[in-house]
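As structure tokens, the structure follows; a few thoughts come after it.
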Amino acid sequence: MCSRSFKESWYDSHKWLCGSFYEQRLYCWPCVLLGKVKNVWSSDGYFDLKNLSRSVKKHEASKDHINNFIGLVRLEKNKGTIIDALNEGSRLSKILYNDNVRKNRLVLLQIIEVVILLGKQELAFRGHDESTLSIIQGNFREMFNLLIKQNAELLSHYEKISNVFTGQSKTIQNEIIHCVYEYIIDVIKSEINDIHFFAVISDDTTDIVEKSQCAITLRYVKKTGELKESFLGFHDLIAQCYVGASVMAGHVSGLQKRIRDEAPNALFTHCCAHRLNLVLQQGSYCVPKSRIFFATLIGISVFFKKSPKRTFVLDTIIGKRIPIANETRWFTRSKILNFVVSNLDKLLDVMECIRDNPESGMVEWSL
């Protein structure tokens, strides 16, 4: 019994010949690479070693093999040109990619600048109707669209990527707001770490829906001598506390004691402005004439606040409005008093106009 095996010398005799160790078949390298017509040498692989010599001669004489072989020789002669072309294509692809990255960052920068500006000006981000058919889509969308239209390059790029990324969703807005907040907090922390002393200002306030919150602010002097106050934010309260109350000033379990447990050098000092406010308020209530005077003074502010018609008369004659009264702050009484003293004659004219003109709201006040 005679067995046939492959000889490596066949590679030297036929330069186009190649083989697969795993498939145990022979192929024609030019036909595999450049062949347009499928045959046993380009797709299936040749494995009949008994008739190899005859099949090789027949394949070498075929028109397809000759054309493919000549084409491979030409490619080998021009391999330097091909490599240069591939390198140039790679270089251009990198340039295009980097340019897209640059434009994406510029678009994101516009979004961040809009977020910072709206936050700085304390303006609402979103509107009631932000659909494409809406005339007023909200401050964020309107301002971003205005900025992006100022740069033709960015506008063209944004239109290309708008089906993938718009950057105007409320989720992205909130994420950028949070990122800006974290950056500001990091800056404040670095400034606090560079100094030895700082004060914590905490006060109770209510938002537009009358929800009680605690506003916390840090006050410190930077190394450059600049006095700075940094607002840390609003925090929900679990209880109410008042300036001077035992829950704040208590030396056993008050807030000042708990803070000193964490920072022993944080000395507690009762707010002097609050003390002065209490003294003036209680002192004025002890004198009947004074109590009636300030009650009437606050009543003047409320009198105009309750009626747009009366406020219109006030704006027409004086051109300014009376400060809004606050029952718990003495400085509001001072502002109202200064307004009345400075504009007493014109204020009397306003009262006479309201008295003589029923349409100005006097009847409404009487009711």
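These figures come from a predicted structure and were not determined experimentally.
The two atoms that bring A61 and I66 nearest to each other are O-CD1, 4.0 Å, heavy atoms only. Across all non-hydrogen atoms, the minimal contact from I336 to S301 is CD1-CB, 3.9 Å. Here the closest heavy-atom approach between residue L314 and residue I322 is recorded as CD2-N, 3.8 Å. Of all the heavy atoms in K223 and D194, the pair that sits closest is CE-O, 2.9 Å.
Under the rule for a side chain to side chain contact (heavy atoms under 4.5 Å, CB included), V279 has no partner lying at least two apart in sequence or in another chain. Checked against salt bridge (Lys or Arg N to Asp or Glu O under 4.0 Å), E130 has the following partners two or more places apart in sequence or in another chain: R141. Annotation: salt bridge (Lys or Arg N to Asp or Glu O under 4.0 Å) contacts of E226 (sequence neighbours excluded): K222. Every residue was checked against the salt bridge (Lys or Arg N to Asp or Glu O under 4.0 Å) condition with R25, not counting sequence neighbours, and none meets it. For K228, the salt bridge (Lys or Arg N to Asp or Glu O under 4.0 Å) partners two or more places apart in sequence, or in a different chain, are E191. In this structure E60 satisfies the side-chain hydrogen bond (donor to acceptor under 3.5 Å, both in side chains) test together with H14, W16, sequence neighbours excluded.
The salt bridge (charged side-chain N to carboxylate O under 4.0 Å, His left out) with D315 is formed by just one residue from the set R321, K320, R310, K309; it is R321.
Side chain of S156 to backbone of A152: no donor-acceptor contact under 3.5 angstrom is found. Side-chain atoms of N139 never come within 3.5 Å of backbone atoms of F125 as a donor-acceptor pair (strictly under, hydrogens ignored). For the pair E142 (side chain) and Q137 (backbone), a donor-acceptor distance under 3.5 Å is present.
Under the 3.5 Å distance criterion, with hydrogens and angles disregarded, no donor-acceptor pair is assigned to the side chains of S43 and Y27. Side chain to side chain, Y46 and S55 meet the donor-acceptor criterion of an N or O pair below 3.5 Å. When only modelled atom types and interatomic distance are considered, D129 and S131 share a side-chain donor-acceptor pair under 3.5 Å. Checked by atom type, the side-chain pair N39/H59 shows no donor-acceptor distance below 3.5 Å.
A salt bridge links E153 with R102: at least one charged nitrogen is closer than 4.0 Å to a carboxylate oxygen.
In this structure, L218 and E229 have side chains that are not in contact, with every pair of non-hydrogen atoms separated by 4.5 Å or more. You'll find the side chain of V200 stays beyond 4.5 Å of the side chain of Y220, heavy atoms only.
Remark: R126 is not positioned above the aromatic ring of F140, lacking an NZ or CZ atom under 6.0 angstrom from the ring centre and at most 45 degrees off the axis.
For Y158 and F144, the distance between ring centers is under 6.0 angstrom.
Heavy-atom neighbours of F165 CZ from other residues, nucleotides or ligands within 6.0 Å: above the threshold of 12. When the shell of 6.0 Å around CD1 of I195 is examined, it contains more than 12 heavy atoms from other residues, nucleotides or ligands. In the displayed structure, F231 atom CZ is contacted under 6.0 Å by more than 12 heavy atoms of other residues, nucleotides or ligands.
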